[in-house]
Amino acid sequence: MPENRLKVDARGIACPGPITELVKAYRNAKNGDIIEVMATDPGFKPDVEAWIKRTGNQLLELREEGGTYVAVIKVTAKK
Amino acid sequence: MKKRVVVIGGGAGGAILANNLPLEDFEVTVVDRSPYHYYWPWLLYVAFRGSRRPMRREIESLLKPGINFIQSGAQSVDLNNRKVVLEGGKTLDYDYLVIATGSRPTYEQIGGHEKAVEKYGDYHSTVENAERVWKSINSLKQGTFAVVVGGDPYRCPPSPLEGVFLAEEFFRSRGLRDRVRVVFAVPYPRPYPAEPMNEVVEPLLKERGVEYITFFTLDRIEDDRKVAVSMEGEELKYDALVVIPPHVGTDVKISPEDVLTTDRFIQADKYTNNIKGFDDAFVIGDASAVPVAKTGVTAHLQAEVVAKRLQGEDARNSGRTNCPFDLGYGLGTFVISDYRNPVVKLPPSRFSHMAKMLFAATYWDMVRYPELWNPIFEAYFDATEPAKLARIYV
């Protein structure tokens, strides 16, 4: 089955926060899919790291480019 | 020649927008499939206080004389040809279009969701379902009462925790707190997704003995075993369960389709509310995909901005939120932020709770008479700018 790449633009969200956009994309994803989230909220980086650690999905990349965080996640933990 | 403005939706955004347009210059038509405008925040008090206070009014009674109201759903919108087709086939041509159709809960994303709502109710859909929650908490004499955030987005970011706080207060006031556990589960790293507000509310949860589970992304509800199961297989046992339903956007057919996101929210400029690629069409409130909370205050402020833009003024959204947050026991706070400033750590107070209740009491008047209320709100929003409050509440 081909993998999907889901792009999520969460730049500018202060409340409720970019993590809610990641969660939304995760709900609609299946194992093997790639989720790419862009966010400007500084709380996003620690939140993604904690989310990866707890849910057991895979963080392929987390970089910062000119005030924007980009997280690339591979969905692997769904039962 | 008057400009023809068609507004789809007579809720907070649509009604406030229509009432802010001078009728000397505009011919305004509001269409809505329902004859009623609902004050949705009141579902919370139907569910957790057993309130019987009426929470709807006829849309027509809230619009200024001279505004046309058509009770009909919109079937399709053709943005390129400036046409709205109503259910029943009537076509409306417009010079300007404003879509204010809100958002609605969906029960298709979570297994067993619909059955759980029929049994325990919820407080993001209908009065009947909110009354079911009231029945559920009244019949629970021992065991676990669970509130689970089922997915994003949903109306009113504080609402899940408001339900938790009011339920905790309810069970304590009935003398059942030592026999009823109150459990809250969220898919986020913390009870409230925005960190600064979490610093205000998490200590209250601890103080009141509310248990919470983080990183819990609800997959399905198995009511025969009374468990909610996460996507990673974690199980939460309950005796009564209220799920905050994920919401989707408009069910109106819109052409071109690429203005819609996959969950049917309409993409727009976050400062002007112009629908992507159209200078004569706007989307306001929950129906839009702009990065701001789904809440009445957003619809209200965006309605004012669009009304000014239609009159030729270069008004722009600040992204301001001002979400009243009931913390139980007569306490409240507000979730205040904008595009440029993070959420303020506004401490719990009786004053904020009173402000929430005062707003509920004046809501209908506020919708109907913007000429009286706009200056009052302007003064309030100016005095409570997040940049100013952030200097006080560090």
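Just so it is clear, the model here is predicted, and its values are computed rather than measured. Letters A, B, ... are given to chains in the order of the sequence lines, protein chains preceding strands, and every chain is numbered from 1.
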Taking every heavy-atom pair that is under 4.5 Å apart, which of [options] has the most such pairs with chain A?
options                            : answer
P342(B), G319(B), P187(B), S337(B) : P187(B)
V186(B), T217(B), T262(B)          : T217(B)
D263(B), V292(B), T321(B), D338(B) : D263(B)

Does any backbone or side-chain atom of [X] lie under 4.5 Å from a heavy atom of chain A? Answer side chain, backbone, both or neither.
X       : result
R340(B) : neither
E232(B) : both
P196(B) : neither
S230(B) : neither
N341(B) : backbone
K270(B) : side chain
Y192(B) : side chain
P291(B) : both
V335(B) : side chain

Once you round to the nearest 0.5 Å, how far does [atom1] of [X] lie from [atom2] of [Y]?
X       : Y       : atom1 : atom2 : answer
D9(A)   : T261(B) : CG    : OG1   : 12.0 Å
T214(B) : W51(A)  : OG1   : CH2   : 13.0 Å
M231(B) : K30(A)  : CE    : NZ    : 13.0 Å
F216(B) : T55(A)  : CZ    : OG1   : 13.5 Å

Within 6.0 Å of [atom1] in [X], more than 12 heavy atoms from elsewhere:
X       : atom1 : answer
E108(B) : CD    : no
K115(B) : NZ    : no
K53(A)  : NZ    : no
Y380(B) : OH    : yes

Salt bridge (charged side-chain N to carboxylate O under 4.0 Å, His left out) between D219(B) and K78(A), intermediate numbers included | CA-CA 9 Å; D219(B) 179 59; K78(A) 284 200 175 181; over 6 Å; no
Are any of the side-chain heavy atoms of P246(B) and K24(A) separated by less than 4.5 Å?
->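 Side chain of P246(B) against side chain of K24(A), heavy atoms only: no contact under 4.5 Å found.
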With a 4.5 Å cut-off on heavy-atom pairs, point out which of I13(A), I19(A), V23(A), T20(A) contacts chain B the most.
-> T20(A)
Chain B contacts, top residue of G17(A), A50(A), G43(A) (heavy-atom pairs, under 4.5 Å) | A50(A)
Looking only at non-hydrogen atoms, find the nearest pair between R27(A) and L218(B) and report the distance.
->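 Shortest heavy-atom separation between R27(A) and L218(B) comes out as NH2-O, 2.5 Å.
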Verify side chain to side chain contact (heavy atoms under 4.5 Å, CB included) between D152(B) and E21(A), making sure each step is shown before the conclusion.
-> CA-CA 7 Å; D152(B) 288 277; E21(A) 293 293 313; 5.9 Å; no
